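Chain identifiers are assigned alphabetically (A, B, ...) following the order of the sequence lines, protein sequences preceding nucleic acid strands; residue numbering begins at 1 within each chain. The model shown is predicted, which means the values in this text are computed figures rather than measured ones.
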Amino acid sequence: MSEQKRVFLVDAYALIFRGYYAFIKNPRINSKGVDTSAIMGFMNSLLDVIKRERPDHLAVCFDKGGSADRVELFEAYKANRDATPEAIKTAIPYIMDILKAMHIPIMVKEGFEADDVIGTLSKQAEKEGFTTFMVTPDKDFAQLVSENIFMYRPVFGGGYETWGIPEIQKKFEVEDPLQVIDFLGMMGDASDNIPGLPGVGEKTAKKFLAQYGSLENLLAHTHELKGKMKEKIEANKELGILSKKLATIMLDVPVTFNAKDFELSAPDIPKVTEIFQELEFRRLIDNFVKTFTVETTESGAATAVPESKKTASASDLAGAGQFNLFGTASTSAEALPNTFSRQTIATTSHFYQSVAPGMATDLFIKNVMAQTCVCFDTETTGLNPLTATLVGIAFSWEVGKGFYLPVPANQEAAQAVVELIRPFFEAEHIEKVGQNLKYDIKVLDKYAIKVQGKLFDTMLAHYLINPDMRHNMDVLAETYLNYTPVSITELIGKKGKNQLSMRDVPLEAQTEYAVEDADITLQLKQHFETELGSANIEHLFNDIEIPLLRVLAAMELEGINLDADFLTSLSADLDTDIKILEAKIYDVAGETFNIASPKQLGIVLFENLKLVDKPKKTKTGQYATSEDILSYLAKDHEIIQDILDYRGLSKLKSTYIDALPTQIEPTTGRVHTDYMQTVAATGRLSSNNPNLQNIPIRTERGRQVRKAFIPRNADYILLAADYSQIELRIIAALSKEETMITAFKNGEDIHASTAAQVFNVPLSDVTREQRSNAKTVNFGIIYGVSAFGLSNQTNLSRSEAKELIETYYETYPKLKTYMSAQVDFARDNGYVQTVLGRRRYLKDINSRNGVVRGGAERNAVNAPIQGSAADIIKIAMIAIYNALEVGNYKSKMLLQVHDELVFDIYKPELEAMKMLIKTEMEQAFTLEVPLDVDLDTGINWLEAH
DNA sequence: GTTGTGACCTA
DNA sequence: GTAGGTCACAACG
């Protein structure tokens with residue numbers, strides 16, 4: 001590496017274009033419909049340069065308004081650039097914002113191109129003793145190369161090559177890089193619309209340069225040329241001169257290279273993360289964070305903590321004479337000079353101790369019991385709380401300090417240690433802080449510990465503060481504390497066959513890792529507490545999400561009984577039918593192929609069988625074979641329905657019928673889903689491993705799966721309780737739309753009622769089709785209508801759909817007012833909220849891009865509706881759970897499916913339960929519209945629904 | 001082995 | 001048009 005100072009000047013548009021075209025076959029479109037290819041491509045390149053080269057000086061140069069001088073010279077100059085793709089235009093403001101957040105200087109000069117700005121700056125920097133690297137793939141820049149100025153060219157397929165004088169001499173076959181101008185003047189440059197000399201290409205230009213040295217000299221000696229070439233060049237001498245001018249990069253742009261301004265400093269990571277989040281650049285966030293942190297972590301880790309300080313033994317404590325667990329923290333490492341550095345365990349003063357058995361543990365327990373607020377974190381042998389066992393528990397109640405209580409592997413010994421700490425967990429007076437407490441609570445439940453007292457879960461807090469972000473602790477620490485915690489993979493390795501268990505990690509490392517987590521979580525709590533207050537969502541946090549966490553933990557631990565034998569027999573039936581369909585399809589197709597491969601299927605249908613003249617393609621260029629497209633073709637070709645059936649049955653078999661029995665937990669014999677409380681942006685729960693919120697119901701075949709969900713035993717019965725039309729009731733109440741409110745109050749069929757109103761017929765005369773269309777519009781309203789979407793969902797044309805929506809709004813004028821009011825609120829405040837004040841931030845609500853803005857507007861309407869429904873059922877769940885606990889009932893709440901709760905009811909409690917559940921659900925929240933809950937019971941979930 | 005895509009399941 | 005999750009395939013490392 002050169003000892004000289006190095007400055008990197010980035011040619012923004014060149015890299016943006018390059019990035020955009022790199023993705024051209026497979027453009028990156030995010031969920032809001034924004035083409036982010038150009039931004040992604042550019043950021044990848046920029047981060048790559050920073051990662052590889054660690055420049056100390058860097059700037060990004062843009063064009064502005066094109067080059068007036070060059071356009072004056074030649075009308076057609078860079079006409080190509082006028083056809084800038086829309087995706088690149090929209091990318092520019094984002095890239096500008098990102099660069100600002102990264103504290104990278106942006107160089108633009110009205111009326112000049114980036115080439116000229118870079119050229120001028122390079123020469124100035126050279127005078128100041130800098131080595132300059134021009135980051136661009138554009139060969140025009142070769143003319144600027146000198147002993148201190150290099151081209152830094154991205155290479156397709158990854159990597160970079162540096163072009164200095166020798167490389168230029170070789171590539172262009174010139175002596176002096178300045179001759180590159182002559183070279184370009186002769187051969188022209190199609191991408192820049194530099195015409196060049198007619199008939200002169202790369203080969204000829206090189207020959208001329210070798211012979212004449214310059215364009216001018218060539219033109220002065222045209223008499224030496226022969227034939228057609230001579231005629232052409234003599235007739236176009238002026239064009240040659242002009243081309244050379246166009247190709248000449250200006251070195252006198254009124255910009256100044258000020259080294260200080262170009263120094264690369266630490267980026268505003270939260271800000272950048274926020275923008276990346278908005279663009280949905282998940283992996284780029286990681287890459288970005290790594291790029292700006294990686295350097296420092298290796299340097300200090302090994303020397304961070306003197307070994308002698310890591311474990312406090314009883315004798316240490318006794319030696320201290322009195323109760324003093326802390327001693328003096330003397331483990332601070334020097335802050336590292338690197339400007340990118342984020343704090344780590346190696347750079348931060350900390351005092352983490354493991355607690356030895358015996359007297360030290362006794363002293364520790366006494367101390368922890370004297371606290372009022374303690375953060376804890378359990379370390380276990382795995383991620384599944386049902387099978388994992390405790391390895392240790394970390395505690396922290398003061399920033400930078402904490403203790404680690406190891407738990408032995410032997411079950412009896414483990415329980416003995418747990419008994420010592422039981423008073424802490426069961427102490428009402430100690431507030432417990434943690435990250436994802438649901439997990440810790442589930443683990444501790446296996447040791448018969450019920451965690452009592454006030455809870456503060458940092459993951460839940462952050463979910464309410466910023467539901468669109470991710471909430472894992474490492475990200476939170478990096479974002480809010482500018483701190484990179486020890487990575488779990490550093491301890492136990494990447495997942496796979498060689499991954500260690502936490503129990504295999506040396507105690508010192510366990511301590512450092514575990515107590516750090518507790519310490520960080522405690523610090524995050526202090527941060528989030530104030531944010532919850534300023535967003536006015538403490539009520540939602542303390543009275544909904546936190547109590548719900550205990551409810552979900554209980555439901556997950558409970559699990560649900562599954563009739564695996566029944567599914568096995570279904571599987572066999574299904575297998576037969578799938579094989580029959582398969583044979584039929586192969587027969588019609590005249591060949592065997594993989595029907596499950598959309599790629600192969602597309603080729604068979606549209607190339608071999610030629611079912612359609614102009615088949616639709618997906619964004620990746622494959623034939624689209626989605627259900628809605630194939631359905632259109634079903635009546636014309638018998639093979640289509642068979643394919644659809646095949647796919648439906650395969651999905652049913654693989655996802656449900658075959659997968660569910662494998663998810664039975666051997667220790668309990670039941671299926672335990674995991675409810676995610678911090679995933680859905682609207683406030684809903686989600687369910688996985690397995691997902692019990694998408695068990696089939698719509699088709700007869702699929703519905704059979706529900707028969708496999710059965711009560712605990714013959715003394716029990718399943719009960720399903722679902723809210724009837726809760727989202728429509730909410731929108732009716734919030735909008736105060738009297739007609740709709742009245743219909744609900746009268747207990748009418750709301751879709752029929754809507755149809756009667758919209759089509760202006762008596763309720764009794766509403767046809768099936770009218771009701772069906774009204775139902776579609778009703779749902780459309782909840783989702784944020786568009787005529788396009790509506791016509792896709794019905795047999796109505798676009799204009800009929802538009803008319804129906806207009807009539808709908810005339811019928812329910814207040815609904816329309818309400819929806820506009822939501823959008824206006826979002827515009828003014830940047831967020832919308834539910835009945836309980838749960839917020840969803842809508843950054844795009846004022847976007848200039850209509851597609852993006854439209855998406856945000858639909859969210860503005862939908863989020864409060866969907867979110868309020870989620871709020872209400874959460875209230876009901878907490879109330880019911882508490883009532884079941886207080887009443888000491890045997891009946892249990894098992895599942896939540898957005899507007900439905902499923903219970904295992906102890907038969908003698910059935911009547912009491914029906915009353916309790918219906919009442920709590922209907923009274924959970926008072927609206928101007930009554931809430932209505934339907935109850936059903938059965939010996940399986942299908943019967944109960 | 002991981003990752004993205006297309007397909008399909010739910011409220 | 002909203003909000004989720006899981007599967008098989010295919011392409012990448």
Side-chain angles (χ1 to χ4, degrees), chain A residues 26 28-29 31 33 158 282-283 467 494-498 593-602 617-630 643-644 646-660 663 673-676 679-699 701-703 705-706 722-723 725-727 731 776-794 801 805 819 840 851 854-867 869-870 873 895-900 945:
Chain A
N26 187 7
R28 308 271 316 192
I29 315 278
S31 66
R282 291 266 156 73
R283 288 174 62 192
K494 289 201 197 278
K495 68 174 170 184
K497 49 185 187 296
N498 295 324
F593 63 101
N594 189 343
I595 308 168
S597 162
K599 194 177 169 175
Q600 294 181 34
L601 178 65
K617 299 264 186 111
T618 67
K619 59 184 171 180
T620 52
Q622 321 238 329
Y623 296 110
T625 64
S626 59
E627 203 264 348
D628 55 332
I629 289 177
L630 293 194
I643 288 167
L644 289 172
Y646 173 90
R647 286 207 300 219
L649 295 187
S650 302
K651 175 74 180 174
L652 194 58
K653 186 167 185 294
S654 65
T655 308
Y656 303 103
I657 294 175
D658 290 347
L660 283 171
Q663 317 237 29
T673 186
D674 193 2
Y675 287 106
M676 300 279 131
V679 170
T682 51
R684 276 190 176 183
L685 300 176
S686 81
S687 153
N688 56 28
N689 292 312
N691 182 356
L692 296 185
Q693 290 182 322
N694 71 346
I695 302 301
I697 192 161
R698 287 178 194 178
T699 65
R701 206 73 193 257
R703 194 177 295 155
V705 176
R706 294 195 170 221
D722 64 284
Y723 282 110
Q725 306 296 350
I726 186 166
E727 293 186 344
I731 201 169
T776 310
V777 191
N778 276 336
F779 277 108
I781 293 296
I782 294 168
Y783 297 152
V785 264
S786 75
F788 177 76
L790 184 60
S791 68
N792 272 348
Q793 290 282 309
T794 58
I805 292 169
M819 291 164 70
R840 175 156 189 196
V851 179
E857 287 171 359
R858 286 193 294 279
N859 282 327
V861 174
N862 174 262
I865 307 302
Q866 192 182 116
I873 196 166
L895 305 177
Q896 190 251 40
V897 192
H898 309 305
D899 64 358
E900 171 186 4
H945 196 281

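Ranking C/dA8, B/dC8, C/dG1 by closeness to the A/Ala596 side chain, first place goes to C/dA8. Each of C/dG1, C/dA10, B/dT10 was ranked by its minimum atom distance to the side chain of A/Ser597; first place goes to C/dA10. Taking every side-chain heavy atom of A/Asn862 into account, C/dT2 is the closest of C/dT2, C/dG5, B/dC8.
Contact check, A/Arg858 against C/dT2: a side-chain N or O comes under 4.0 Å of OP1 or OP2. Within the structure, a side-chain polar atom (N or O) of A/Lys599 is placed less than 4.0 Å from OP1 or OP2 of C/dA11. Contact between the side-chain N/O atoms of A/Asn694 and the OP1/OP2 oxygens of C/dT6 is not found at any separation under 4.0 Å. Taking side-chain N and O atoms only, A/Ser686 has a distance below 4.0 Å to OP1 or OP2 of C/dG5. Look at A/Ser626 and you won't find any side-chain N or O under 4.0 angstrom from OP1 or OP2 of B/dG6.
For the pair A/Gln600 CD and B/dT5 C1', the computed distance is 15 Å after rounding to whole Å. Straight-line distance from the CD atom of A/Gln896 to the P atom of B/dT10: 17 Å, rounded to whole Å. One can place CG of A/Asn689 at 13 Å from C1' of C/dC7, the figure rounded to the nearest angstrom. One interatomic measurement links the two molecules: CD1 of A/Ile731 to P of C/dT2, which rounds to 15 Å at whole-angstrom precision. B/dT10 atom P lies 16 Å from atom OH of A/Tyr675, rounded to whole Å. Nucleotide B/dA7 holds its P atom 21 Å from the CG atom of A/Asn691, rounded to whole Å. Rounded to whole angstrom, the span from the CG atom of A/Leu895 across to the C1' atom of B/dT10 amounts to 13 Å. When the P atom of C/dT2 is taken as reference, atom CZ of A/Arg840 falls 10 Å away, rounded to whole Å.
Using a 4.0 Å heavy-atom distance criterion, A/Val679 is classed as a sugar-phosphate-only contact. At a threshold of 4.0 angstrom between heavy atoms, the contacts of A/Thr625 are confined to the sugar-phosphate backbone, with no base atom among them. Heavy atoms of A/Gln793 sit under 4.0 angstrom from at least one base atom.
A donor N or O paired with an acceptor N or O is found under 3.5 Å between the base of C/dT6 and the side-chain atoms of A/Lys651. In this model, no side-chain donor or acceptor of A/Gln693 finds a partner on the base of B/dT10 within 3.5 Å.
The main-chain N or O of A/Asn688 is found under 3.5 Å from a side-chain atom of A/Thr673 such that the two form a donor-acceptor pair. A/Arg706 contributes a side-chain N or O that, together with a main-chain N or O of A/Ile695, makes up a donor-acceptor pair within less than 3.5 Å. Side chain of A/Gln693 to backbone of A/Gln896: a donor-acceptor contact under 3.5 angstrom is found.
Rounding to the nearest 0.5 Å gives a distance of 13.0 Å between OH of A/Tyr783 and CG of A/Asn859.
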